[in-house]
Amino acid sequence: MIDIALNLIVVLVTIGVVMVTVLLHVAYLTYFERKILGWMQDRMGPMEVGYHGLLQPIADGLKLFFKEDIVPAQANKIIFTLAPILVLVPALIGFAVIPFGRDSIHIFGLTFRPYVTDINIGILYILAFASIGAYGVLWGGWASNNKYSLLGGLRSAAQVISYELSLGLAIVGVLLMAGSLSLVKITEAQGGGLLHWFILPQFVAFVIYLISAIAETNRLPFDLPEAESELVAGFFTEYSGMRFAFFFLAEYANMILVSCIATILFLGGWHAPFEALGFIPPVLWFVVKVYFFLFFYIWIRGTLPRLRYDQLMMFGWKVMIPLALANILVTSAVLYFVRV
Amino acid sequence: MVRLKRFIQQVLFLEILSGMAATFKHLFVRPITIQYPHEKRVLPNGYRGFIALLRYDDGTEKCVGCDLCEAACPSRVITVISAEVEGQPLKRYAKEYTMDMTRCVFCGLCVEACPVNALGMTKEYEYATYDKRNLKLNKEQLLTLGDRAFPVRETRVEFQHPHAAFFNVAHRGYPAK
């Protein structure tokens, strides 16, 4: 009985720590993005709240929290309310299987592991929940009873389906090499320095994954579901206050999640690139790599204009998926001959 | 050959990479932003901001109430009510002088028109207010504005008999005394 209670405490504390850390990073990712976009456009970004605008995310959060909560008169109220939750929960729940570091922490005889759980279908679990997130977007678009929202929702559904295929297929190459779906095992399979990371043998998959991940998270240059200049704000045109904040949080949480997966699958998770740099804590390596990807997404956003819809679909179906399939074929063939 | 080159360029995302190089370079370009309420631009001389009434070094008003500024003003900002100086029937001054700054276009024609250089253009431009009636300035306000913006005053020169002068000032090119 005490064992179960202690286990529960350990799990709850781990979940709490992971959630708080992720939400904090989500909040500061918005600051990070605004600053970097500003610098890229020869501006300064937020400067007013706190030293160099460091308290800006807190001010924004407070503002959104105290805003009036508006539900349009013609909207379907139940689905309108459910949609933001359905978007945010899958985005946060994916972090349960991400291994953030190597070492467990021992306090008072309790063992805190650097991940919430290590299930043997980790990557499948994340992909499944990512697909559920698309429902939230679609519901939000439909329930608002607004033509722009509906168009945004439809676009999002089409885009997520098209790019999830190439995303999933790009991952298969890595799974073949690691021989496991568990993210912990995949990380451990890449130990021993830079040359063992999957980015080298799976470079094509890496590029496909990066591109599809941008499309998955509805970010520029694939942000057609919320294209401001065409659809006002797409599926969250009618949302305000806390509900809007949920969509916003979900977008950035998804960005971090996708970067975490990219880190684990291709950049060796918490492994240091060289044995000599092993003295730096593994968690730090993980964070550095994740921020590299986050910076990359912001960089892409600062550089590229939005794609046209037919270009997006053509690129997804005619370029990405054949390439991903070819990558699987080559990887499995090579692995078959090497292993036998 | 050209098609092959283009194909390779497309596959390697060369154009996107060059674009990304450009944005990356701009990460290190100093922003030209001026953090406005905290740091302000240095305005050039001759900037046409708020209009102010000036005084001589002994504290007397320069304005002689001649109404020329009112006549010159294209948007009818200025209203002058002129009056005699008591006991000196040849001298006049502005009893009331109001400027409705909500209408002012800052053309500077009143300053040009003034024969005694009683008007000056300050470098003040922050006149946002919650009540636009605050922008209707009377003589006192205009004089305080002038005191603040022009701390160095012109010396007053009596060049004629006090009862004989219309303008109580030395003109440029006019013999002093």
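Source: prediction; values computed, not measured.
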(Q) How about CD1 on B:I32, more than 12 heavy atoms from neighbouring residues, nucleotides or ligands closer than 6.0 Å, or not? (A)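 It does not: B:I32 CD1 has 12 such atoms or fewer within range.
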**Q.** Flag if over 12 foreign heavy atoms under 6.0 Å of CZ, A:F292
**A.**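 Counting other residues, nucleotides and ligands, CZ of A:F292 stays at 12 neighbours or fewer.
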(Q) What part of B:F24 gets within 4.5 angstrom of chain A, counting heavy atoms only: side chain, backbone, both, or neither? (A)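 Interface part for B:F24: both.
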Q) Which pairs count as salt bridge (charged side-chain N to carboxylate O under 4.0 Å, His left out) when at least one residue sits in residues 193-206 of chain A, sequence neighbours excluded? A)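 Matches after skipping sequence neighbours: none remain.
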How about the chain A/chain B donor-acceptor pairs under 3.5 Å, what are they, with distances?
unit_1 : atom_1 : unit_2 : atom_2 : d
A:D42  : OD1    : B:H26  : ND1    : 3.0
A:D42  : OD2    : B:H26  : ND1    : 3.3
A:E48  : OE1    : B:H38  : NE2    : 3.2
A:E48  : OE2    : B:H38  : NE2    : 3.0
A:W299 : NE1    : B:M20  : O      : 2.9
A:W299 : NE1    : B:T23  : OG1    : 3.2
A:T303 : OG1    : B:T23  : OG1    : 2.9

**Q.** Those residues of residues 204-214 of chain A, ordered by number, that approach chain B below 4.5 Å (heavy atom to heavy atom)
**A.**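 Under the 4.5 Å heavy-atom cut-off, A:V207, A:I211 qualify.
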(Q) Taking side chain to side chain contact (heavy atoms under 4.5 Å, CB included) as the definition, give me every residue that meets it alongside A:V288, ordered by chain and number, with sequence neighbours left out. (A)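 A:V288 satisfies side chain to side chain contact (heavy atoms under 4.5 Å, CB included) with no other residue.
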